[in-house]
Amino acid sequence: MKAIYHLPGLFEFYELYREFLPLFREHREYFYDWCEIGSIYGAPADCLWGGGRTGMGEADPEEVLSLVNAYGISARLTLSNSLLGEEHLADRKCNRLCALFAGKGIGSGAIVHSELLTTYLREHYPELYLVSSTTKVQTEFEVCLQEIEREAFRYVVPDFRLNPLLDKWRELKPWQKDKVEFLCNECCWFGCRDRKRCYEAVSRKNLGMEGPEHVCRAPGSAGGYRFSRAMENPGFIGVTDIRDTYLPMGFTNFKIEGRGLGSALILEFLLHYMTRPEYQIHVREKLYLDAMLDLF
């Protein structure tokens with residue numbers, strides 16, 4: 001079995017992937033032979049239906065779609081706004097975006113939270129497969145299992161705090177395991193009780209609605225995202241966990257977060273999860289020196 005990675009920054013890190021994807025294809029020996037890239041997800045700037053993180057991607061949607069199509073990778077639109085109303089469904093920019101990605105390529109998807117948008121996309125853009133967003137913050141295993149069993153979703157991303165429940169995950173049927181997409185590298189405090197409010201604050205901001213800013217008061221939050229801290233999280237799934245625990249159990253889909261971070265951190269994720277240790281320096285040098293990317 002192979003690990004299928006779902007990577008962040010479809011629009012946000014277009015320049016990075018424009019350099020990384022040819023390297024991944026032309027020097028496959030640099031990378032683990034038991035992993036592949038299944039999709040890249042993200043949202044353009046000012047995407048009304050966006051959620052989870054405020055979209056900052058400025059890349060042209062046509063160019064983005066052309067890039068991932070060239071490498072046989074699915075594009076996923078992150079449309080996980082949790083506060084959408086009927087009046088928002090007519091947004092012309094979001095509908096044009098969905099029409100573009102639904103009409104071309106190897107099969108694009110959308111990550112959704114709102115039941116209203118789920119129904120709308122299934123009716124108007126049935127070519128887009130749907131992914132149930134982790135922003136629903138379903139922290140009860142049985143609730144997550146009900147989500148997995150819904151016909152509407154091809155994949156479901158559980159809350160990261162369910163990751164360690166191996167005895168429960170092991171009991172799933174093969175078709176259920178195929179729909180689970182584990183969020184691997186969450187840095188959020190494992191005991192956080194404000195996660196849903198945090199996502200709602202982003203949704204309000206995307207909609208231009210007034211409301212309180214969410215100020216994270218979790219331990220260590222002042223330092224921002226740290227991959228080293230994420231590795232200490234009880235919900236963390238590292239490359240060894242994927243290879244030695246989750247793949248043998250029958251799980252193949254793994255999501256890497258980070259579209260609100262910088263290119264340098266995304267590169268660290270690509271190195272950790274996909275690159276053989278002896279070739280990590282080659283990948284770093286190729287991207288640092290040849291591409292002259294603004295990584296810092």
**Request:** Indicate yes or no for a side-chain donor-acceptor contact from Arg276 to the backbone of Glu29 under 3.5 Å, with no hydrogens or angles considered.
**Result:** yes
**Prompt:** Excluding sequence neighbours, so at least two apart, what forms side-chain hydrogen bond (donor to acceptor under 3.5 Å, both in side chains) with Asp241?
**Reply:** none
**Message:** Checking the side chain of Asn185 only, and the main-chain atoms of Glu257 only, is there a donor and an acceptor separated by less than 3.5 Å?
**Reply:** yes
**Asked** Are Leu145 and Gln176 side-chain neighbours, meaning at least one heavy-atom pair lies under 4.5 Å?
**Response** yes
**Within 6.0 angstrom of Arg28 CZ, more than 12 heavy atoms from elsewhere** = yes
**Request:** Please tell me if the side chains of Leu267 and Val283 come closer than 4.5 Å, counting only heavy atoms from C-beta onward.
**Result:** yes
**Asked** Taking a hydrophobic cluster as the set of Ile, Leu, Val, Met, Phe, Trp and Tyr residues connected by side-chain heavy atoms closer than 4.5 Å, whether directly or through intermediates, do Tyr32 and Ile281 fall within one such cluster?
**Response** no
**Prompt:** With a 4.5 Å limit on heavy-atom distance, are the side chains of Cys98 and Leu128 in contact?
**Reply:** yes
**Asked** Shared ILVMFWY cluster between Leu265 and Leu287, side chains joined below 4.5 angstrom?
**Response** yes
**Message:** Is any side-chain heavy atom of Ile242 closer than 4.5 Å to one of Tyr273?
**Reply:** yes
**Request:** Look up atom CG in Asp178 and atom CZ in Arg154, then write down how far apart they are to the nearest 0.5 Å.
**Result:** 11.5 Å
**Request:** Work out which heavy atom in Ala43 is nearest to a heavy atom in Thr78; give both atom names and the distance.
**Result:** CB-O, 3.6 Å
**Request:** Can you see which heavy atom on Gly38 is nearest to which on Ile73, and at what distance?
**Result:** O-CG2, 3.9 Å
**Message:** Using only atom types and a distance under 3.5 Å, with no angle test, would you say the side chain of Gln280 pairs donor to acceptor with the backbone of Leu271?
**Reply:** yes
**Prompt:** Are any side-chain N or O atoms of His88 and backbone N or O atoms of Gly85, one a donor and one an acceptor, separated by less than 3.5 Å?
**Reply:** yes
**Message:** So does Ile148 get a backbone contact from the side chain of Ser132, meaning a donor-acceptor N/O pair under 3.5 Å?
**Reply:** no
**Request:** Look at the aromatic rings of Phe227 and Phe236 and report parallel, tilted or perpendicular, splitting at 30° and 60°.
**Result:** perpendicular
**Message:** Using only atom types and a distance under 3.5 Å, with no angle test, would you say the side chain of Ser133 pairs donor to acceptor with the backbone of Val112?
**Reply:** no
**Message:** Would you say Ile4 ends up clustered with Ile237 if hydrophobic residues are merged whenever their side chains have heavy atoms under 4.5 Å apart, either directly or through other cluster members?
**Reply:** no
**Request:** For the pair Phe251 and Phe182, name the ring-plane relationship: parallel under 30°, tilted 30 to 60°, perpendicular over 60°.
**Result:** perpendicular
**Complete:** Taken in chain and number order and not counting sequence neighbours, the residues that satisfy salt bridge (charged side-chain N to carboxylate O under 4.0 Å, His left out) with Glu151 are Arg122
**Asked** Atom OG of Ser82 and atom CD of Glu115: how far apart are they, to the nearest 0.5 Å?
**Response** 12.0 Å
**Message:** To the closest 0.5 Å, what do you measure between CH2 (Trp34) and CE (Met274)?
**Reply:** 9.5 Å
**Fill in**
With sequence neighbours left out, the residues meeting ring pair (Phe, Tyr, Trp, His ring centres under 6.0 Å) with Phe31 are Phe20, Phe24
**Request:** Could you check if a side-chain atom of Leu121 sits within less than 4.5 angstrom of a side-chain atom of Leu79, using non-hydrogen atoms only?
**Result:** yes
**Item:** With Tyr129, the side-chain hydrogen bond (donor to acceptor under 3.5 Å, both in side chains) member among Ser108, Ser74, Ser39
**Value:** Ser74
**Message:** I need the minimum non-hydrogen distance between Pro22 and Tyr71, along with the two atoms involved.
**Reply:** CG-OH, 3.1 Å
**Request:** Taking the side chain as every heavy atom from C-beta outward, state whether Glu181 and His6 have any atom pair closer than 4.5 Å.
**Result:** yes
**Request:** Show your working on side chain to side chain contact (heavy atoms under 4.5 Å, CB included) between Tyr17 and Ile37 and close with a plain yes or no.
**Result:** CA-CA 12 Å; Tyr17 288 119; Ile37 302 172; over 6 Å; no
**Message:** When you compare the side chain of Phe11 with that of Leu77, does any pair of heavy atoms fall below 4.5 Å?
**Reply:** yes
**Message:** Tell me whether Glu278 at atom CD has more than 12 heavy atoms from other residues, nucleotides or ligands lying less than 6.0 Å away.
**Reply:** yes
**Asked** Going through the distances and angles, do Asn81 and Leu117 end up as a side chain to side chain contact (heavy atoms under 4.5 Å, CB included)?
**Response** CA-CA 9 Å; Asn81 197 300; Leu117 184 60; over 6 Å; no
**Request:** Look only at the side chain of Asn163 and the backbone of Cys184, and say whether a donor-acceptor pair between them is shorter than 3.5 Å.
**Result:** no
**Item:** Interatomic distance, Arg259 atom CZ to Ile266 atom CD1 [nearest 0.5 angstrom]
**Value:** 11.0 Å
**Prompt:** Is the closest side-chain heavy-atom distance between Cys144 and Asp159 below 4.5 Å?
**Reply:** no
**Fill in**
Heavy-atom closest pair (Pro126 atom, His124 atom, distance to 0.1 Å) is CD-C, 3.4 Å
**Request:** Would you check, one step at a time, whether the test side chain to side chain contact (heavy atoms under 4.5 Å, CB included) holds for Cys35 with Tyr5?
**Result:** CA-CA 7 Å; Cys35 71; Tyr5 288 122; 3.5 Å; yes
**Asked** So which heavy atom on Leu183 is nearest to which on Phe160, and how close?
**Response** O-CB, 4.3 Å
**Request:** Indicate yes or no: does Arg229 engage Glu232 in a salt bridge with an N to O separation below 4.0 Å.
**Result:** no
**Item:** Closest heavy-atom pair and its distance - Thr139, Leu162
**Value:** O-CD2, 3.2 Å
**Prompt:** Is a donor on one side and an acceptor on the other found under 3.5 Å between the side chain of His272 and the backbone of Val239?
**Reply:** yes
**Heavy-atom neighbours of Lys93 NZ exceed 12 at 6.0 Å** = yes
**Message:** For the residue pair Lys255 and Tyr41, would you count it as a cation-pi contact if the rule is NZ or CZ under 6.0 angstrom from the ring centre and within 45 degrees of the ring axis?
**Reply:** yes
**Prompt:** Step by step, would you call Leu10 with Arg76 a side chain to side chain contact (heavy atoms under 4.5 Å, CB included)?
**Reply:** CA-CA 8 Å; Leu10 180 64; Arg76 289 186 183 176; 5.8 Å; no
**Message:** Could you see if Phe153 belongs to whatever hydrophobic cluster contains Val143? Use Ile, Leu, Val, Met, Phe, Trp, Tyr and a side-chain cutoff under 4.5 Å.
**Reply:** no
**Prompt:** Side chain of Lys179, backbone of Arg150: donor and acceptor closer than 3.5 Å?
**Reply:** yes
**Request:** Enter the distance from Phe141:CZ to Leu165:CG here, rounded to the nearest 0.5 Å.
**Result:** 7.0 Å
**Prompt:** Is a side-chain donor-acceptor pair under 3.5 Å present for Asn95 with Tyr120?
**Reply:** yes
**Message:** Looking at Glu140, I want to see if its CD is surrounded by more than 12 non-hydrogen atoms of other residues, nucleotides or ligands under 6.0 Å.
**Reply:** no
**Asked** How many angstroms lie between OG in Ser263 and CG in Leu16, if you round to the nearest 0.5 Å?
**Response** 5.0 Å
